[in-house]
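Remember, it's 1-based here, ligands and their atoms both numbered in the order they're listed.
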Amino acid sequence: MTLRIGVIGTGRIGTDHIQRITRKLSGAEITAVTDVDLEQAARVVAEEGINARVHREQMAIINDDNVDALIVASWGPTHEAFVLAAIETGKPVFCEKPLATTAEGCRRIVDAELKLGKKLVQVGFMRRYDHSYRLLKQTLAADTIGEPLVVYCAHRAPMAPGFSGDMAITDSSVHEFDILRWLLNDDFVSAQVVLPRRSRLAEEGLQDPHLILLETGRGTRISIESFVNARYGYDIRCEVVGESGIAALPDPIGTVLRKDARLATPIQTEWKDRFVAAFDTEFQEWINAAQKGEMHGPSAWDGYMVAITSDACVAAKHGGGIVPIQREETPTLYR
Ligand code: NAD
Ligand code: ISE
């Protein structure tokens, strides 16, 4: 049975997801869309040539009888209300990160699912579907390098247009918070943020880079360099130092060019390109699971844990020192 999907938010990533579902993936079709910018929503429908209803009233898409499942790709502050409404109707909902902009908001979503006794929510942490990260997880799970002792990560982007305040943490590093919990199968117990000398290329008033230091329950120490004005490219790095070896993400594959007395290999510049295959796999697996009434991806609980970590990092950045992160027992539904 084809999964009929309603998309809330037809901006950059919403349009991307509509295109991948329409052009590349199987088992689903877009039957409805909505956006506060109705012209934009109608344009996407026309350009893709899809038979989808454009809802003027955003919440109406959730109760549309022609919609089996929802994708929330609107601005972060709107996510919580849409996800809670989808849970009310019992429809599966894929929500782009953040699940909600506060830990309390994420907790309300967790509580709604616990009350229902069923998982309906998947959060858009697409790195879990990246082939290299999956191989890295397999390597760690197979005990190939012993226990993980130290992890070095870097999240570097060329520029961060529109970034302000703590977005390098709350918008970008959240991907590291999720992937590290998943890779290490461990929760964080403390956070510290060290501010290096500020890059002159960062927008006025924006601290960049940040050095985020996390500690897990089993004592693994993590450093994340978050550098959103790194200029030279989009470069995601992760190296795990274990007791008997080191396991790291490889550089993405590209041609190695020997020319004009130089040895060169390209570096990507866009997160969309770096993770395109991960996004495709993420959605194909979500569609396949939703058709069977199942939900296997990053859960509302994962979204909540990331929000707690993000809050601790922001508090550490502004207050200084080491901020403890309270560990909470994972409810049975999410184990
Ligand atoms: P965008 O600004 O391009 O698009 C957001 C769209 O939401 C806009 O078209 C806007 O009009 C619409 N919108 C706002 N409020 C709405 C409402 N109440 N109802 C319906 N539509 C509404 O932003 P984007 O870059 O596409 O980001 C969207 C979301 O995706 C954000 O939460 C962002 O963090 C997330 N995102 C995730 C990744 C990832 O790697 N997983 C990458 C980029 C963005
Ligand atoms: C963006 O919102 C994303 O989610 C990307 O995956 C991330 O790498 C980028 O830094 C964010 O701005």
What is the ring orientation for Tyr334 with Trp301, classed by angle as parallel under 30°, tilted 30 to 60°, or perpendicular over 60°? parallel

The answer for which part of Met167 has a heavy atom under 4.0 Å from ligand 2 is neither

Are Arg108 and Glu80 close enough, and set up right, to give a salt bridge (Lys or Arg N to Asp or Glu O under 4.0 Å), and what steps lead you there? CA-CA 8 Å; Arg108 281 190 283 276; Glu80 181 186 347; 2.6 Å; yes

Atom 3 (C) of ligand 2 - nearest protein heavy atom and its distance: His175 NE2, 3.6 Å

Please could you name the atoms of ligand 1 that Met126 approaches to less than 4.0 Å, counting only its heavy atoms? 40 (O), 41 (N)

Heavy atom to atom 27 (O) of ligand 1, shortest distance: which of Asp35, Ile13, Ile61 holds it? Ile13

For a quick test of reading the model, state the closest non-hydrogen atom pair linking His55 to Ala32 and the distance between them. CD2-CB, 3.9 Å

Which residue and non-hydrogen atom of the protein lie closest to atom 4 (O) of ligand 1, and at what distance in Å? Gly11 CA, 3.3 Å

In terms of residue, atom name and distance, what is the protein heavy atom nearest to atom 8 (O) of ligand 2? Tyr234 OH, 2.5 Å

Indicate if Ile30 and Leu70 have the same hydrophobic cluster label, given that clusters are the connected sets of ILVMFWY residues with side-chain heavy-atom separations under 4.5 angstrom. no

Before we go on, tell me: are the rings of His210 and Phe227 under 6.0 Å apart, centre to centre? no

Is it true that Phe275 lies under 4.0 Å from ligand 2, counting heavy atoms only? no

Mind checking whether Phe82 has a heavy atom under 4.0 Å from ligand 1? yes

Which of the ligand 1 atoms, numbered from 1, are nearer than 4.0 Å to a heavy atom of Pro98: 32 (O)

Which of the numbered atoms in ligand 2 are under 4.0 angstrom from any heavy atom belonging to Met126? 6 (O)

Between Glu96 and ligand 1, which part of the residue brings a heavy atom under 4.0 Å of the ligand: side chain, backbone, both or neither? side chain

Per-atom contacts of ligand 1 with Gly124, taking only distances under 4.0 Å to non-hydrogen atoms: 41 (N)

Protein residue, atom and distance nearest to atom 28 (C) of ligand 1, heavy-atom basis: Ala73 O, 3.4 Å

Check for me, please, whether Trp271 and Phe163 land in the same ILVMFWY cluster - side-chain distances under 4.5 Å, paths through other members count. no

Among Asp302, Thr216, Asp186, which residue satisfies the side-chain hydrogen bond (donor to acceptor under 3.5 Å, both in side chains) criterion with Arg181? Asp302

Could you walk me through whether Asp235 and Arg237 pass the salt bridge (Lys or Arg N to Asp or Glu O under 4.0 Å) test, one step at a time? CA-CA 6 Å; Asp235 200 6; Arg237 315 197 70 81; 3.0 Å; yes

Which residue owns the protein heavy atom closest to atom 7 (C) of ligand 2, what's the atom, and how far is it? His155 NE2, 3.7 Å

Does an N or O from Gln58, backbone or side chain, lie closer than 3.5 Å to an N or O of ligand 1? no

Please determine if Arg127 has a nitrogen or oxygen closer than 3.5 Å to a nitrogen or oxygen of ligand 2. no

Return the option from Met167, Arg12, His79 holding the heavy atom at the smallest distance from atom 25 (O) of ligand 1. Arg12

Between Glu215 and Ser190, does any side-chain donor sit less than 3.5 Å from a side-chain acceptor? yes

Nearest to atom 10 (O) of ligand 2, what protein heavy atom do you find, and at what distance? Ser172 OG, 2.7 Å

closest protein heavy atom to atom 2 (O) of ligand 1 is Trp75 NE1, 2.8 Å

Side chain or backbone of Thr78 under 4.0 Å from ligand 1, or both, or neither, by non-hydrogen atoms? side chain

For Gly14, does its backbone N or O pair with a side-chain atom of Thr10 as donor and acceptor, under 3.5 Å? no

Under 3.5 Å, is there a donor-acceptor pair linking the side chains of Arg134 and His131? no

So, Gln122 and His296: side-chain donor and acceptor under 3.5 Å apart, yes or no? no

Under 3.5 Å, is there a donor-acceptor pair between the Tyr234 and Arg274 side chains? no

What protein heavy atom lies closest to atom 29 (C) of ligand 1? Include the residue and the distance to one decimal. Ser74 O, 3.4 Å

Quick one: does Phe275 get a heavy atom under 4.0 Å from ligand 1? no

What I want to check is whether the side chains of Asp280 and Gln284 have a donor and an acceptor closer together than 3.5 Å. no

Protein heavy-atom partner closest to atom 17 (C) of ligand 1 - residue, atom, separation in Å: Val36 CG1, 3.7 Å

Tell me if the centroids of the rings in Phe283 and Phe94 come within less than 6.0 Å of each other. yes

Has ligand 2 got any nitrogen or oxygen that is less than 3.5 angstrom from a nitrogen or oxygen of Lys97? yes

Using a 4.0 Å heavy-atom cut-off, say whether Trp271 meets ligand 1 through its side chain, its backbone, both or neither. side chain

Residues Val54 and Ala42: closest non-hydrogen pair is CG2-CA, 4.1 Å

Test salt bridge (Lys or Arg N to Asp or Glu O under 4.0 Å) applied to Glu328 and Arg107, step by step: CA-CA 12 Å; Glu328 292 186 40; Arg107 183 71 220 200; 3.2 Å; yes

Who's closest to atom 1 (C) of ligand 2 heavy-atom-wise, of Val228, Val174, Ile236, Asp171? Asp171

Should you measure from each heavy atom of Phe163, which atoms of ligand 2 turn up under 4.0 Å away? 12 (O)

Please identify which atoms of ligand 1 are closer than 4.0 Å to at least one heavy atom of Asp171. 34 (O)

Closest to atom 35 (C) of ligand 1 by heavy-atom distance, out of Glu282, Arg127, Lys97, Lys272, is Lys97

